[in-house]
Amino acid sequence: MKGKVYLIGAGPGAPDLITVRGAEILKRADIVFYDALVHPDTLAFAPRAIKVAVGKRCSRVSTDQRFINRNLVEAAHKYPTVVRLKGGDPMLFGRAQEEIAALKKAGIEYEIVPGVTAALGASAEVGVSLTRRGLSRSVVFVTPRVGEGEEEADWAKSVLAADTAVLYMAAGQAAQISAILLGQGMPAATPAVVVEKATLPESRQFHTTLSGMRDAGQWSLQGPALIFLGEVFREAAVADTAIEELLRTLKVVSAN
């Protein structure tokens, strides 16, 4: 017997942002291999399935990709419906191509179920469109993260060429990213927004500038976060600063 493997995007964080198709497939799944960023409540969509954690997190013990590939193939020989559940969208920084290649080689049928990627969930939360007429006609999704044995990528060149940039898996390197982009000519006053745990109740936003990202260590980020760069965020940064000043004023008044 050969089952079918579904690579499903769980969305940016909130369980109810998974697609209808993804949720329906999870209901009839026999086994689910899920990432570390998948919300526990999302797994509730698969009440009858065996759940197997195969998470990958920076600076933590992670599941080897070859192990995941092998287990997907083996599961497809045991179960009719196998799900590989990935945070965000499986086709963006999700190493889906390696799993697709393994399934193809083994002759296993598969289907990709798209999800809402983190950049879109976070931009919706900030309330700023990544594109805007006359201001931003290009958007780039990049990551400075380099896997073991991989060559360094010139991600900074892509950021400098775009009107709006979204950096995945980068918040822990915010200070270094700031130094690299400043060194390559990006204006220090370029608006920047860091969004932590996008779409979840505990989400936080930090409005700053490219040069201000050097102080990112003070934010004590605890969860997955994205970095946004671009002029489209300038108005949001100004509004955020105005709110902070108003709150400080109110505190002073109340104290007196």
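The hydrophobic clustering, which links ILVMFWY residues whose side-chain heavy atoms are closer than 4.5 Å, places Val38 and Leu92 apart. A continuous path of hydrophobic side-chain contacts links Val5 to Ile50 [ILVMFWY only; heavy atoms under 4.5 Å]. Under the 4.5 Å side-chain heavy-atom criterion for grouping Ile, Leu, Val, Met, Phe, Trp and Tyr, Leu85 is not connected to Val116 through any hydrophobic cluster. The hydrophobic cluster containing Leu229 also contains Val140, counting ILVMFWY residues as joined when their side-chain heavy atoms lie under 4.5 angstrom apart, directly or transitively. In the hydrophobic clustering of this structure, Val82 does not group with Leu43; members are Ile, Leu, Val, Met, Phe, Trp, Tyr whose side-chain heavy atoms approach within less than 4.5 Å, directly or through other members.
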Side-chain donor-acceptor contacts of residues 160-174 below 3.5 Å, not counting sequence neighbours, with atom names and distances?
unit_1: Asp163; atom_1: OD2; unit_2: Arg137; atom_2: N; d: 2.8
unit_1: Asp163; atom_1: OD2; unit_2: Ser138; atom_2: N; d: 3.3
unit_1: Asp163; atom_1: OD2; unit_2: Ser138; atom_2: OG; d: 3.3
unit_1: Thr164; atom_1: OG1; unit_2: Leu130; atom_2: O; d: 3.0
unit_1: Thr164; atom_1: OG1; unit_2: Ser136; atom_2: OG; d: 2.7
unit_1: Tyr168; atom_1: OH; unit_2: Thr117; atom_2: OG1; d: 2.6
unit_1: Tyr168; atom_1: OH; unit_2: Ala119; atom_2: N; d: 3.2

Sequence neighbours left out, cut at 3.5 Å: what donor-acceptor pairs do the side chains of residues 178-194 make with other protein atoms?
unit_1: Ser178; atom_1: OG; unit_2: Leu210; atom_2: O; d: 2.6
unit_1: Thr190; atom_1: OG1; unit_2: Pro187; atom_2: O; d: 2.8

Contacts under 3.5 angstrom, residues 14-30 side chains, donor-acceptor by atom type, not counting sequence neighbours:
unit_1: Thr19; atom_1: OG1; unit_2: Gly22; atom_2: N; d: 3.0
unit_1: Glu24; atom_1: OE2; unit_2: Lys27; atom_2: NZ; d: 3.2
unit_1: Asp30; atom_1: OD1; unit_2: Arg48; atom_2: NH1; d: 3.2
unit_1: Asp30; atom_1: OD1; unit_2: Arg48; atom_2: NH2; d: 3.2
unit_1: Asp30; atom_1: OD2; unit_2: Thr81; atom_2: N; d: 2.8

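One distance of note links CZ of Phe141 with CG of Leu226; it measures 9.0 Å at 0.5 Å rounding. Once rounded to the nearest 0.5 Å, the distance linking CD1 of Ile108 with CD of Glu99 reads 13.5 Å. Atom OG1 of Thr63 sits about 5.5 Å away from atom CD1 of Ile68, to the nearest 0.5 Å. Interatomic distance, NZ of Lys51 versus CD1 of Ile31, reported as 10.5 Å (0.5 Å rounding). How far CH2 of Trp155 is from CZ of Arg145: 13.0 Å, rounded to the nearest 0.5 Å. In this structure, the separation between CZ on Arg214 and OG1 on Thr209 is 8.0 Å, given to the nearest 0.5 Å.
Across all their heavy atoms, Pro90 and Gly115 have their closest contact at CD-N, 4.1 Å. Scanning both residues, Ala198 and Gly121, for their nearest heavy atoms gives CB-C, 4.5 Å. Between Gly13 and His39, the shortest heavy-atom distance links the atoms O-CB, 3.4 Å. Val73 approaches Ala106 most closely through the heavy-atom pair CG1-CB, 3.6 Å. When all heavy atoms of Pro47 and Ala44 are compared, the closest pair comes out as CD-O, 3.7 Å.
In this structure, Tyr34 has no ring-ring contact (aromatic ring centres under 6.0 Å, His included) partners at least two apart in sequence or on a different chain. Scored by the side chain to side chain donor-acceptor pair (under 3.5 Å) test, Glu231 finds Arg234 as partners (sequence neighbours excluded).
Listed by first and then second residue, the salt bridge (Lys or Arg N to Asp or Glu O under 4.0 Å) pairs that reach into residues 190-208 are Glu196-Arg204, sequence neighbours excluded.
Each of Asp35, Asn71, Asn69 was scored for a side-chain hydrogen bond (donor to acceptor under 3.5 Å, both in side chains) with Arg84, with one residue passing: Asp35.
Checking side-chain atoms of Gln222 against main-chain N and O of Ser220 turns up a donor-acceptor pair under 3.5 Å. Remark: the backbone N or O of Thr199 is paired with a side-chain donor or acceptor of Glu125 at under 3.5 angstrom.
Contact check for Arg132 versus Val128: side-chain heavy atoms found under the 4.5 Å cut-off. You'll find the side chain of Thr208 stays beyond 4.5 Å of the side chain of Asp215, heavy atoms only.
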Quiz item: Could you walk me through whether Lys2 and Glu109 pass the salt bridge (charged side-chain N to carboxylate O under 4.0 Å, His left out) check?
Solution: CA-CA 8 Å; Lys2 285 186 180 180; Glu109 184 182 3; over 6 Å; no
Practice problem: Report the C-alpha distance between Gln205 and Val126 in whole Å, list the side-chain angles of each, state the deciding distance to 0.1 Å, and finish with yes or no for side chain to side chain contact (heavy atoms under 4.5 Å, CB included). | Solution: CA-CA 8 Å; Gln205 300 176 24; Val126 176; 3.9 Å; yes
Practice problem: Evaluate the criterion side chain to side chain contact (heavy atoms under 4.5 Å, CB included) for residue pair Leu72 and Phe33; output intermediate values, then yes/no. | Solution: CA-CA 8 Å; Leu72 288 175; Phe33 296 90; 3.6 Å; yes
Exercise. Under the side chain to side chain contact (heavy atoms under 4.5 Å, CB included) rule, what do Met213 and Ile177 come out as? Steps first, then yes or no, please.
Key: CA-CA 8 Å; Met213 282 169 48; Ile177 289 168; 4.0 Å; yes
Exercise. For Val113 and Leu7, run side chain to side chain contact (heavy atoms under 4.5 Å, CB included): C-alpha distance rounded to whole Å, both residues' side-chain angles, the deciding distance at 0.1 Å, then the answer.
Key: CA-CA 6 Å; Val113 181; Leu7 278 68; over 6 Å; no
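Using a 30° and 60° split on the angle between ring planes, Phe233 and Phe228 fall in the tilted class, from 30° to 60°.
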